[in-house]
Amino acid sequence: MKAANARGLQVFITTHSPVLLSQFAAEESFAAELKGDRAQLTRLSDVEGIEDLLEQYAAGSLYMATIIAPPGHARCRGARSARGRRAPGGACAALVS
């Protein structure tokens, strides 16, 4: 990805991996949410209050806690953990470029 960026190319990777998401800066990462029939991308660095949280937690941890990409995607509604809680991070793929 860095080699592509050095050549002026932009690369998008979709992931639900908190480990991969944590490897990128908030300025390089986006959260995708389905709004009606369209995807809305929000740069993580533009999420209100995120910088304070990123001082203490990795982006992947915030994603798993559904702070970055809250549940809501139609395919993931109703997904539950073994304890009956909503499965974290199941709604929206985080994107990095």
Side-chain angles (χ1 to χ4, degrees):
M1 287 186 54
K2 289 180 182 183
N5 283 333
R7 293 179 45 204
L9 302 174
Q10 187 175 30
V11 177
F12 280 93
I13 298 172
T14 62
T15 185
H16 286 270
S17 169
V19 174
L20 182 60
L21 179 59
S22 293
Q23 302 305 307
F24 294 88
E27 297 79 27
E28 300 175 306
S29 304
F30 297 82
E33 293 184 73
L34 190 59
K35 300 282 186 171
D37 62 346
R38 297 181 186 265
Q40 177 180 325
L41 300 179
T42 304
R43 189 180 300 270
L44 295 189
S45 59
D46 292 340
V47 173
E48 189 175 330
I50 197 76
E51 292 302 324
D52 292 336
L53 290 170
L54 287 171
E55 288 178 12
Q56 297 179 9
Y57 305 100
S61 296
L62 298 175
Y63 175 67
M64 291 302 293
T66 66
I67 292 169
I68 290 175
H73 191 285
R75 281 184 283 159
C76 300
R77 281 193 192 121
R80 303 265 171 206
S81 69
R83 294 185 181 142
R85 296 185 183 144
R86 197 175 241 335
C92 308
L95 302 171
V96 292
S97 76

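In this structure, the separation between CG on L21 and NE2 on H16 is 11.0 Å, given to the nearest 0.5 Å. For the atom pair CD1 of I67 and CG of L54, the computed distance is 9.5 Å after rounding to the nearest 0.5 Å. Note that CZ of F30 is 8.5 Å distant from CG of D46, once rounded to the nearest 0.5 Å.
Considering every non-hydrogen atom in both N5 and L9, the closest pair reads OD1-O, 2.8 Å. Contact record, L20 with I13: CD2-CG2, 4.2 Å, taken as the closest heavy-atom pair. Residues T15 and Y63 come closest through the heavy atom pair O-OH, 4.2 Å. Annotation for V11 and A4: closest pair CG2-CB, 3.6 Å, computed over non-hydrogen atoms. When all heavy atoms of S22 and A59 are compared, the closest pair comes out as OG-N, 3.8 Å.
Although no hydrogens or angles enter the test, the distance criterion places a donor-acceptor pair under 3.5 Å between the side chain of Q23 and the main chain of V19. Of the possible polar contacts, none joining the S61 side chain to the Y57 backbone as a donor-acceptor pair under 3.5 Å is found.
Considering only heavy atoms from C-beta on, S45 comes within 4.5 Å of E51 through its side chain.
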Under the side-chain contact (heavy atoms from CB on, under 4.5 Å) criterion, do V47 and L62 qualify, and how do the steps go?
-> CA-CA 12 Å; V47 173; L62 298 175; over 6 Å; no
